[in-house]
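Read through the structure below, which is laid out as structure tokens, and then see the notes.
Numbered from 1 within each chain, the chains take letters A, B, ... in sequence-line order.
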Amino acid sequence: MDARYQAKPIEEKWQKLWAGEQAFHVTEDPAKPKFYVLEMFPYPSGRIHMGHVRNYSIGDVVARYKRMRGFNVLHPMGWDAFGLPAENAAIERKVHPQAWTQENILYMKTQLKRMGLSYDWHRELATCEPEYYRWNQWIFLQFYKKGLAYKKSSFVNWCPSCATVLANEQVIDGACWRCDSSVIQKELEQWFFRITDYAEELLKDLDQLAGWPDKVLTMQRNWIGKSIGAEIDFPLVGHHGELKIFTTRPDTIFGATFVSLAVEHPLALPLSAGTAQANAVKLFIERFKNISQAKRGADEGEKEGVFTGAHCRNPFTGENIPIYLANFVLMEYGTGAVMAVPAHDQRDFEFAKKYSLPIRVVIQADDKDVTADELAEAYVDEGVMRDSGEFSGAPNVNGKAMIAAFAEAQGFGRPAIRFRLRDWGVSRQRYWGTPIPIIYCAKCGAVPVPEDRLPVELPKDVPFSGKGGSPLQESAVFLQVDCPKCGGGARRETDTMDTFVDSSWYYLRYTSADCKTAPVDVNKGRYWMAVDQYIGGVEHAVLHLLYARFFTKALRDIGLTHVDEPFANLLTQGMVSKETYQCSEHGWLFPNELSGAEKDGWRCPQCGRAVDKGRVEKMSKSKKNIIDPEDLIAAYGADTARLFTLFAAPPEKDLEWSDQGVEGAYRFLSRLWRLVHRHRDLWSAANTAGAGEEPNAELRDLRRQIHRTIKKVSDDIDGRFHFNTAIAAIMELFNSLSAAAQDPAKRAAGAAILREGLESIMLLLAPFAPHVASELWEQSGHDERLDHFAWPSYSEAALADEQLLIVVQVNGKVRGKMTVPAEITQERIEASAMADARVMSFCDGKKIKRVVYVPRRLVNIVVEG
RNA sequence: GCGAAAGUGGCGGAAUUGGUAGACGCGCAGGACUCAGAAUCCUGUGGGGUAACAGCCGUGGGGGUUCGAUUCCCCCCUUUCGCACCA
């Protein structure tokens, strides 16, 4: 055995061994409790980064821990392999996206293996493989049959120069991220998934996700955005029909003095036609319709509008009120028309002030009488209804339902619920994604590709010009097809699916990745689902996690899974960050570029200016504060990399990178290595044979600490995820064992206890630093492998205190401490507390008001003065 | 603007139910070993104070509840994140 800890040969040895025997391959075993732990699968961008290291280290601790606890652990890994970077690589470097992606996957897989992660590689999947995406297409067809997938025209971000739709994330300050031209709103035919059908259930079931962070639940709740209110019809004056408006404040309807329409509202032009306002309305629409909603209000949310020249009647007051167009009204929400109540809505208030429209107070605060003239801003709080006909005098909170019910009874309205959540637009004008399995026939219209002709594979011979529009349009082989219905000439849909579709059900596929007849083998899914622990970045709090929840429910309704929710518990880990260096003139600098020395301040190598030791920021290429995990592993090994990322911060918080912290983790493993090495004879026949003598008090204390550590580490890992304190406890135990081992007397009398302690450390460390733990276990003479060994258990008897440390306080301040036998009575403790000279000096003859005794912890003597 | 989370030594962080604030690690200081350095080991390390001890101050600021508050309540400040005209 080498006296020095060298990570590399050890890690290579164990990784080879694990791979050779497929140590982490699992199958359904009804005899064992299952545990499904999953980390969000990576995009194969080229190499892993520290965020991956952190994410997968956390997951691997959970997987290895649960395995040692006797669970049948499913811990799979795969690749979220479709997406834009591959296509950009194709455009810039003339590599086919497929080749680029495949190469990246191969490389990153070797990197993951070098981390010693305990994956079942049998279940590996890549979403860009036809065997995977054929099921995207199959699911799409099921959705289509059920009306959950449909095509409609909608406004999208459009870059005129690239001729493509852009995702919201690709629009930067209203301009295209690639060519910087101004993005416009364009109406396009797009495929949608009807996620709104599940809005109510998606909202309601958040309540059963007790194992999710509140932050994520709140974000999803806000995103779904349920509003309860009423729909009211305002009859048009001088035109047929009515304006439907939605409001959450029907109680204020007697204060509605005008109505505002969205710029896109279909009645905008017809209503103004033939009036003096016709031209002004046209200009107003022209001005705003191509601007995205975010930019319409300029910087300060400036309200702008124009009178349409038309009126409608407020059905409650019978009054004719003007109809305006307003830049802040959204067409996609509600009905695109709102009743405006300036006295009780801040936006309407500003609008009314600007255009001198009447303001009528109909809700009065309980204590004061407010007139419209006195209002400096809208009154939006609760109060009592007034000037509201027969409803006057009612509390406005009751008024909401009363007004809605009244309108329904009269036939000009009804209670209504609206959601902010919109249907999910899944069409992308890109190549590197799942082709949408639809064929357009001049005679038959949109025809689904028959299921037995799936997958619709991506053609290989496609040019990547970067000109925009889907490259699939350039492939005649792909485009031209016979109509499945009439056999006539037809063309394929050239849009591909949003890559979020791929990741919406991959966790189901892992349960039966080899299933050839369906996306998932229902029986295997029944055994493994739901995911017991899901781990990933908080940036997916809404998009991915909401889509996956929707898919689970939709697939459940198709009969593919029995669960309502995919992820029982969710851990959102923080970012990995590091300090940055910035020169005011030359921008971000790499630490190794700096000139000068830390103690008299770093300087810029170009201009010699003092460099700010900048803020700690998320690692990114642009800020030049990246640490490549590859370098880290090469220098210290995977165990150190894992131990450091788990020790430096609790998983849900941001982790600040520290070179010295890494050194510290490495130093700990080296010390442990040395200690075991030096005391290998603890496992020799002479030391393991025969019962030792009864240990003395100090050794009994050491034994107690061993068992306490086992308990603490177990509790910290299980459910709490406080890996940092678990590791700290292991270090503390190590320090005690190390000290005891150096004491010849303890070493001689306590061999059995030292051995128990060191073995416990190896077992407790196994989930965190599996290679070194396994190696030490083997080196200390164990025949059975560490990773086949059960998690250590602690004995309640060994935990029990023999002595207690009792803190003595006077008026809440610590004034003394005493060690007493554990079975001592309260009277005896209080008596000896009073007898303590130092304690008494603080009481100093003052009257003792009371004595508080906290069992086994402290005595607080409360004195006067 | 609204919502959420957080603020503890020189630094990362600990204190699980209101009960010894600062575990563990880093850094720093002193010492041992060494021709010397690296590595390693030992000791110390919140502030101020002392010969040493003690008392004193101390968890962003201010107030409150309590025998006792990092922990609970109210107000304020700062930071981070999310949403941002959703009627």
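Residue A:N860 has no polar side-chain atom (N or O) positioned under 4.0 Å from OP1 or OP2 of B:rU20. In this model, the phosphate group of B:rU16 is not approached by any side-chain N or O of A:R720 to a distance below 4.0 Å at OP1 or OP2. Phosphate proximity of B:rC81 to A:K653: absent, as no side-chain N or O sits under 4.0 Å from OP1 or OP2. At B:rA14, one or more side-chain N or O atoms of A:N724 fall inside 4.0 Å of OP1 or OP2 (strictly under the cut-off). Between A:R422 and the phosphate of B:rC86, there is no side-chain N or O to OP1/OP2 separation shorter than 4.0 Å.
When heavy atoms are screened at a 4.0 angstrom cut-off, A:R418 is found touching no nucleic acid atom at all. Across all strands shown, A:S670 has no heavy atoms under 4.0 Å from either base or sugar-phosphate atoms. Within the 4.0 angstrom heavy-atom criterion, no nucleotide atom of any strand lies near A:I727. At the heavy-atom level, A:R815 lies under 4.0 Å from the strands shown only through sugar-phosphate atoms. Heavy atoms of A:K817 sit under 4.0 angstrom from at least one base atom. As judged by a 4.0 angstrom heavy-atom cut-off over every strand, A:D715 is placed among residues making no nucleic acid contact.
Applying the Watson-Crick and G-U wobble criteria (two distances, each under 3.5 Å), B:rA5 pairs with B:rU79. In this structure, B:rG46 forms a base pair with B:rC57, meeting either the Watson-Crick or the G-U wobble geometry with both donor-acceptor distances under 3.5 Å. Figure legend. B:rC24 is base-paired to B:rG12; pairs are counted as Watson-Crick or G-U wobble with both atom distances under 3.5 Å. In this structure B:rG18 sits in no base pair that meets the Watson-Crick or G-U test at under 3.5 Å. Summarising the base pairing, B:rU40 is matched to B:rA32 through a Watson-Crick or G-U wobble pair whose two defining distances lie under 3.5 Å.
B:rG19 and B:rC11: their C1' atoms are spaced 29 Å apart (whole Å). Atom name C1', nucleotides B:rG7 and B:rG58: the rounded distance is 16 Å, in whole Å. Rounded to whole Å, the C1' atom of B:rG46 lies 7 Å from the corresponding atom of B:rG22. Taking the P atom of each, B:rC75 and B:rG25 are spaced 41 Å apart, rounded to whole Å. Nucleotides B:rG13 and B:rC24 place their C1' atoms 9 Å apart, quoted to the nearest Å.
Donor-acceptor pairing under 3.5 Å is lacking for the side chains of A:E617 and A:S577.
The CE atom of A:M50 sits 11.5 Å away from atom NZ of A:K578, with the distance rounded to the nearest 0.5 Å.
Remark: aromatic rings of A:Y5 and A:Y666 are close, center separation under 6.0 Å. Taking the ring centroids of A:F412 and A:F316, they lie under the 6.0 Å cut-off.
Not a single donor-acceptor pair, N or O on each side, falls under 3.5 Å between the base of B:rC81 and the side chain of A:K215. Scanning atom types as modelled, one donor and one acceptor separated by under 3.5 angstrom connect the side chain of A:R347 and the base of B:rA87. Side chain A:Q809 to base B:rG19: a donor-acceptor pair is found below 3.5 Å. Between the side chain of A:K712 and the base of B:rU16 there is at least one donor-acceptor pair of N/O atoms closer than 3.5 Å. For A:R667 against B:rC26, no side-chain N or O and base N or O form a donor-acceptor pair under 3.5 Å.
Relative ring orientation between A:Y355 and A:Y324 is described as tilted, the plane-to-plane angle lying within the 30° to 60° band. Below 30°, between 30° and 60°, or above 60°: for A:H540 and A:H544 the angle between ring planes is above 60°, a perpendicular geometry. Classified by interplanar angle (parallel below 30°, tilted 30° to 60°, perpendicular above 60°), the ring pair A:Y547/A:W424 is parallel.
With rounding to whole Å, A:R857 atom CZ is found 12 Å from B:rG18 atom P.
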